[in-house]
Amino acid sequence: MATILFYLFAGLAIGGAIGVVMSKSPIGSLLFMVTALGAMAGTFVLLEAHFLAAIQIIVYAGAIMVLFLFVIMLLNLGHDYQKDLKGGAFAVLSFGVIGGIAGLMAQQLGSTGLEDGPGGAAIDAAMAEHGAVGAIATELYTTYVVPFEITGILLLVAIVGALVLAKREV
Amino acid sequence: MEPISGIPAIVAMALKNLGIFTLVILVVAYATYAERRVSAFIQDRRGPNRVGPFGLLQPIADGIKNILKEETLPGTASRFFFILAPILVLVPSLVTFAVIPIAAPLPTRWGVVDMIIADVPIGILYVLAFSSLAVYGVVLGGWASNNKYAFLGGLRASAQMVSYEVALGLSLIAVLMLAGNVTLTEMVWQQQQLGMWFAFPLSLAFILFVISAFAETNRLPFDMPEAESELVTGYHTEYSAMKFSAFMISEFGHMVTASALMATIFLGGWDLPGTWDNAFWYNGQLISGFAENGTPIAAQPAVWKTLLTFGGFAAKTGFFLLVYIWIRWTLPRFRYDQVMALGWKVMLPTSLGYVMLVAMTILVLDELGVQYGFLFGLVLTAVSGAATLSFMFFLDRGRTIAGAGAQRTQKVEVKTTPTAVVSGRAEPAPAGD
């Protein structure tokens, strides 16, 4: 069952990702992107990373992509961009390059032996004790609290910066 | 009692899926009937009363009508997205119900059955994830129609839903801090352990959640996306027959799910007063509580308990549905800028401040060594009550509490100055803001 679901989600993710670059309309690209993100979330659920799956949907599919949709609709591109779309040789070339990189990565991952890591049992124990969210929160707010806070400040700076840039004309 | 397993578990799962979703669709159908009857009652009319006794078969007649009507497809619409939008809007509104527990566990010959479709470990996050996807259908419907009213409705919907999702999530943080977990079954259990429903110790979160849920479901006074007087009917202007019906079903589906969520998170879900119905899976055991020395007490699930608690859950959900309808026919629609101002300038800071207040209260209580229980709840109730009262006082600006007569700008002064007499007309009284 899990294997069938994995191939389903993997196929959806790859198909969605190809759709993003192949689709002629920006809205179509965006929906393919949402499909790919959703399929990734499904893969995370299969890996028992429920929290990550939920955050993937809430943050990426539910918030960031909605803002993308908003911007695409407000820009209302019309059909002028279509002459800029390149096909044929460029498509083959880019797929070749991406395929090569993916192959190299797969080769590297195959030889490092990731499956020997702590993973599995330790994560199961943490989940049994704190629940799916608590297991991440405990690590995040104890071991990694400083990087977490720094990321928060970075985001705050980015928000203030965006506000300053947007307000400059007024 | 052991949890159900093996083949009976699969059968039970199939039955639960079928039963609960049929029930939701049925409640959605009769929510449309209830809305028309209650609105008729509020406006001193009769409402639909011709199809069947008291008009009870009206939703079925409407369904048949919508299936048989002609489907229209505007010539300028993007065909694929136009057809996709009603599907995208319908699914999220219904699947959310899967994580809401509807009754106490049911004992059967094969083991105990949880009355919930999927007790996923992320619970409320699942609800947030799917409710954040609901906006796609609305926005795409508006965009694909290629109609400026529909498009404006779609844009308003996305802005409003994204804005109020923030306040919704922040008001939930207070609940998560008190419950200590995100699954809805555990939230019900924690309310049973606290001895009171979260609506009391987290009263301000309750109010903020209800307001945000109204905005998320696009119901009056937040129905900006389909403001009839401005946008025809907004994002579904171009839709007809069953596709229009899909939008309506999803709106009512969102209402039912939101009502069930409010009942579960803030009114104890299927919990009824007293400790007789408490039940929770603890280390593979169904327990009803802990003894003084910390040993778990086994629960005694019974069919009558399941039925009674389901009745309680249905009553609470029905109450919130009634509130939805009641408010729709009582309050006028906000202006768009008022919706945005309320969302970002009132709801967001209030919920952020409230999260800190609750966090501090819980921390102080923990430091003082107060056990999680009734006293814990009482202190939080007092603190939250003070916060709620000040929030109401701030929002009210002296209108309901002191009455309109207390407002200087709303007093109508009859001017009998000589100039008014000479010019033949009195100055119009300044309108209240």
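Letters go in sequence order (proteins before strands), and every chain restarts at 1.
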Would you say that I124(B) contacts L172(B) through its side chain, given a criterion of any heavy-atom pair below 4.5 Å between the two side chains? yes
Quick one: pull up OG1 in T183(B) and OH in Y126(B) and give me the separation to the nearest 0.5 Å. 14.5 Å
Validation row: L52(A), L47(A) side chains within 4.5 angstrom (heavy atoms): no
Interchain contact, I27(A) with chain B, by part (heavy-atom threshold 4.5 Å): both
Could you report the tightest heavy-atom contact between M187(B) and F198(B), atom names first, then the distance? O-CE1, 4.3 Å
Between CG on residue L140(B) and OG on residue S145(B), distance to nearest 0.5 Å: 10.0 Å
Chain A contact via V139(B) - side chain, backbone, both or neither, heavy atoms under 4.5 Å: both
Any side-chain heavy-atom pair of P86(B) and F247(B) under 4.5 Å: yes
Check whether any side-chain heavy atom of D114(B) lies under 4.5 Å from a side-chain heavy atom of T185(B), and answer yes or no. no
Ring pair (Phe, Tyr, Trp, His ring centres under 6.0 Å) against Y144(A), all qualifying residues, sequence neighbours excluded: none
Turns out that what part of A63(A) lies under 4.5 Å from chain B's heavy atoms comes down to neither
V45(A), part contacting chain B, at a heavy-atom distance under 4.5 Å: neither
Could you tell me which portion of L84(B) (side chain, backbone, both or neither) has an atom closer than 4.5 angstrom to a non-hydrogen atom of chain A? side chain
Can you check whether anything in residues 148-155 of chain A gets within less than 4.5 Å of chain B, heavy-atom wise, and list it by number? none
So, the part of A144(B) with a heavy atom under 4.5 Å from chain A: the answer is neither
Considering all heavy atoms, the nearest Y136(B)-M65(A) contact: OH-CB, 2.9 Å
Residue among L69(A), V66(A), I55(A) with most heavy-atom pairs under 4.5 Å to chain B: V66(A)
Need one label for F81(B): side chain, backbone, both or neither, based on atoms under 4.5 Å from any heavy atom in chain A. side chain
Please verify the inter-ring angle class for W189(B) with F280(B); under 30° counts as parallel, over 60° as perpendicular, anything in between as tilted. parallel
